[in-house]
Asker: 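My structure is below; once you've seen it, I'll send some questions.
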Number of protein chains: 2
Amino acid sequence: MSEPSPVKSTEADRKAAFAASCHLLHELLEELSNIGKSEEGGMTRLLYSSSWLKAQQHLQHVMQGKGLVTSFDQSGNLYALLEGTDKNSRHKPLFTGSHIDTVISGGKFDGALGVAAGMVALLYLNEVYGPPVRSLAAVSLCEEEGSRFPFAFWGSRSVTSLSDWDVAGDLKDTEGVSMLEAAEICGFGPISSYPVRPFEPDGYLELHIEQGAVLERTGTSIGIVTDIVGQKRLDVMITGEANHAGTTPMNYRKDALIGTTEMIIRIHELALSYGDPLVATVGTMELLPGAVNVVPGKVIFTLDIRHTDKGIMNRFIQEALLIISESAVRNQLHAEWQEHLSVDPVAMDERWIERIQNACEVLDFSYRKMPSGAGHDAQIFAEVCKAAMIFVPSQKGLSHHPEEFTSEEEINRGFRVLVEMLYQYGYRGKTDE
Amino acid sequence: MSEPSPVKSTEADRKAAFAASCHLLHELLEELSNIGKSEEGGMTRLLYSSSWLKAQQHLQHVMQGKGLVTSFDQSGNLYALLEGTDKNSRHKPLFTGSHIDTVISGGKFDGALGVAAGMVALLYLNEVYGPPVRSLAAVSLCEEEGSRFPFAFWGSRSVTSLSDWDVAGDLKDTEGVSMLEAAEICGFGPISSYPVRPFEPDGYLELHIEQGAVLERTGTSIGIVTDIVGQKRLDVMITGEANHAGTTPMNYRKDALIGTTEMIIRIHELALSYGDPLVATVGTMELLPGAVNVVPGKVIFTLDIRHTDKGIMNRFIQEALLIISESAVRNQLHAEWQEHLSVDPVAMDERWIERIQNACEVLDFSYRKMPSGAGHDAQIFAEVCKAAMIFVPSQKGLSHHPEEFTSEEEINRGFRVLVEMLYQYGYRGKTDE
């Protein structure tokens with residue numbers, strides 16, 4: 001396949017068009033950040049809420065106004081299609097995007113960046129190079145966060161046929177509203193006129209903020225995601241004996257907290273000895289009965305463990321559980337646990353990784369191959385197609401937070417890499433096959 | 001003073017009367033346990049609630065029916081007087097009693113035992129020996145627990161003139177009702193016709209369950225309280241940095257919980273090294289933001305420290321705070337703390353202790369001198385008069401719990417000692433002077 005003739009044929013024209021696209025991208029991010037503003041700061045756009053619907057409709061309106069063909073599916077995923085001249089690719093475009101649902105009081109960039117960048121990238125490519133050979137679709141996916149319904153990645157699961165309304169429809173939010181009821185209020189769901197899925201993905205490419213501080217601390221512009229970590233979450237319950245804090249001598253006690261602190265320190269030391277990318281976190285802890293003058297009879301805590309290698313992750317967990325059992329016996333306590341989440345690690349596509357690396361080298365952007373410690377829609381797509389992710393720095397590693405921040409320059413570099421990748425796929429015939 | 005002639009002059013008569021009194025005591029405890037039954041088990045009689053008032057009125061009704069003169073004061077303290085033949089003692093009786101207010105879902109014996117035993121003891125003495133030389137008053141005091149209003153020992157503080165409505169009246173319960181409003185609904189308060197305090201205490205003697213497991217574990221019948229421990233409570237706040245549990249490598253973290261666990265273990269070891277009667281307890285702990293997938297940025301915990309010696313208690317606290325500061329620095333955390341309760345240790349009267357000990361020896365009851373790790377009205381009375389306490393065993397050390405239990409035999413022994421002490425004071429002229 002030969003290099004396509006650019007519509008804007010001079011370097012200066014393309015530069016000006018890119019600068020204008022960056023401007024539009026920041027404008028769109030700003031507009032999105034004004035939808036669903038939360039009183040506690042940041043923004044809250046829960047799936048199938050009015051603010052979520054408003055954001056999806058705003059994106060549709062902007063893309064339609066700029067000449068892209070948009071559509072929704074039954075789940076409420078929004079697509080903006082840049083149709084390829086190769087008609088065979090019509091129903092199997094490369095997807096690029098992310099999500100505009102947020103956690104409660106979330107930030108401006110988590111999700112929104114990937115959606116806005118994907119859409120603006122298509123506008124840029126269309127303006128500068130005209131229609132691509134192979135179709136590109138920018139997508140805004142539903143409920144990546146799982147913050148309204150207990151079903152993260154619902155949008156990507158449904159478009160990849162990995163889930164459907166039979167599985168998800170009856171799930172309820174905290175107020176008892178089912179996912180199906182909520183979807184229908186927004187005009188979606190199986191009885192709507194929207195298709196189950198209008199397209200199949202030929203691949204999936206996502207620009208996202210890092211949500212960690214590695215890029216910032218190492219002064220790196222671009223993170224190239226090699227793997228999305230696997231993750232297990234355990235609930236651990238340690239039972240001793242609740243006693244009066246005044247009348248129970250120290251050596252009469254079976255203090256569930258004392259045993260627990262020992263376990264946590266030893267598990268922490270074990271995690272340090274494993275080294276990166278293993279992370280282990282105790283993020284919640286409840287003491288029962290939980291009174292200033294009562295020796296804790298029970299402690300319930302969560303353990304969140306992540307690694308890119310399933311075998312290593314499982315070995316760590318076995319050792320951590322051994323520590324818990326041993327400490328419990330030594331402290332005359334009873335320990336039990338329950339796994340409540342288990343997600344396998346997912347590798348990103350090696351050839352995409354290489355291509356992103358090449359682009360960074362050509363563009364002279366510092367880069368770093370790294371795992372993603374957070375979950376993303378890309379891990380769902382990776383089950384059915386090639387998937388890749390591009391990270392840009394997060395100031396102080398903050399995400400899911402009103403103060404989430406990435407500078408315009410940093411965003412522009414990530415956007416530049418995304419555009420290059422979409423160009424290579426859509427226009428230059430550098431296919432995966 | 002000569003030995004009074006008993007009304008019931010034979011040993012057999014007295015034994016039968018004592019057995020009948022024990023029966024009445026258990027009956028009265030059973031009746032009280034049916035007032036304010038809680039759905040969650042146990043009983044809830046919060047100060048100035050309808051169940052609390054019903055219990056006070058029931059006691060008044062029973063005592064009046066059996067010929068004792070009863071009265072209330074403005075605070076709602078109930079008195080049953082056995083008037084002495086020495087008229088000078090009319091307004092300065094020896095008090096014996098406890099409280100019938102409970103914690104939420106409290107047990108059958110904490111407080112109620114001392115009240116019922118005091119009242120039945122007066123009935124027994126009157127029946128067997130007739131009127132005493134020096135007056136005796138059984139009392140049912142208000143809000144010992146501080147479980148409705150944040151003002152423990154309100155009843156004993158008011159009758160000892162150590163507090164009054166000006167201090168306590170505006171204190172609010174969790175629903176915003178003030179103590180004065182609540183009292184007035186029950187017919188008490190400064191505008192009622194009740195006196196501020198009808199009597200001054202010449203001394204205070206209280207029978208109570210141990211609320212610990214020392215008597216049970218050592219197979220001892222009677223605890224003779226030497227001191228009521230002093231107590232300090234601190235709120236400690238450890239601040240690190242909240243981070244994403246997936247995207248923040250272990251060595252980037254400032255995990256407030258990891259530092260805290262180290263502090264708690266070291267403080268626990270320090271407490272063990274001090275030995276009895278020092279106790280140190282972390283009973284509550286809050287992790288912020290407190291999500292399974294977020295590294296804790298803040299941990300807030302309470303530290304409850306008790307000892308019978310103020311100097312030793314303060315030295316321990318200084319060392320504990322040093323541990324907290326050191327651990328915070330080493331873990332790159334910030335530590336701050338605030339004392340929110342400070343109660344000095346209080347010694348019980350030495351001559352009363354000796355007299356109780358003698359009684360145990362004569363009665364052939366095993367006894368043990370011991371501190372009280374819990375607070376009691378006796379520590380308030382000790383500020384204005386001689387005070388003493390008699391403990392009976394608590395099964396498994398349980399108190400403030402629906403399963404609180406002391407057997408009838410154990411109660412009868414404690415009651416026997418109480419009766420003996422009241423007899424010595426009221427009838428035999430063994431005064432403190």
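Computed from a predicted model, the values in this text were never measured in an experiment.
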Asker: As an exercise, state the distance from CE of A:Met285 to CZ of B:Phe301, rounded to the nearest 0.5 Å.
Answerer: 11.5 Å
Asker: Less than 4.5 Å to any heavy atom of chain B: does that hold for the side chain of A:Val229, its backbone, both, or neither?
Answerer: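 Answer is neither: A:Val229 stays 4.5 Å or more from chain B.
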Asker: What distance do A:Leu288 atom CG and B:Thr284 atom OG1 have between them, rounded to the nearest 0.5 Å?
Answerer: 12.0 Å
Asker: Is chain A contacted by the side chain of B:Leu278, its backbone, both, or neither, given a heavy-atom distance below 4.5 Å?
Answerer: backbone
Asker: Below 4.5 Å, heavy-atom pairs only: which of A:Val282, A:Asn251, A:Leu303 has the largest tally toward chain B?
Answerer: A:Val282
Asker: Highest number of heavy-atom pairs under 4.5 Å with chain B: which of A:Val279, A:Leu341, A:Leu272?
Answerer: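 Maximum pair count with chain B is reached by A:Val279.
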Asker: Just to be sure I understand the criterion: a residue of residues 253-265 of chain B counts if one of its heavy atoms is under 4.5 Å from a heavy atom of chain A. Which ones qualify?
Answerer: B:Arg253, B:Leu257, B:Ile258, B:Thr261, B:Glu262, B:Ile264, B:Ile265
Asker: Of the listed residues (A:Ala291, A:Gly397, A:Pro296), which shares the most heavy-atom pairs with chain B below a 4.5 Å separation?
Answerer: A:Ala291
Asker: Checking A:Ala374 against chain B: side chain, backbone, both or neither under 4.5 Å from a heavy atom?
Answerer: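 Looking at A:Ala374, backbone and side chain both touch chain B.
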Asker: What option among A:Met370, A:Arg306, A:Arg217 has the most heavy-atom pairs under 4.5 Å with chain B?
Answerer: A:Arg217
Asker: Checking heavy atoms, do the side chain of A:Asp276, its backbone, both or neither come under 4.5 Å from chain B?
Answerer: side chain
Asker: Heavy-atom distance under 4.5 Å to chain A: side chain of B:Val214, backbone, both or neither?
Answerer: both
Asker: Output the residues of residues 233-249 of chain A for which the shortest heavy-atom distance to chain B is under 4.5 Å, in residue-number order; output 'none' if no such residue exists.
Answerer: A:Arg233, A:Asn243, A:His244, A:Ala245, A:Gly246, A:Thr247, A:Thr248, A:Pro249
Asker: For atom CD1 of A:Ile104, decide whether the heavy atoms of other residues, nucleotides or ligands shown that lie under 6.0 angstrom number more than 12.
Answerer: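 No, because the 6.0 Å sphere around CD1 of A:Ile104 holds 12 heavy atoms or fewer from other groups.
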Asker: Could you have a look at A:Lys396, A:Glu210, A:Gln211 and say which one has the most heavy-atom pairs with chain B under 4.5 angstrom?
Answerer: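 Most pairs with chain B among the choices: A:Gln211.
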Asker: Are A:Met250 and B:Thr281 side-chain neighbours, meaning at least one heavy-atom pair lies under 4.5 Å?
Answerer: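 A side-chain contact is absent here, since even the closest heavy-atom pair is not under 4.5 Å.
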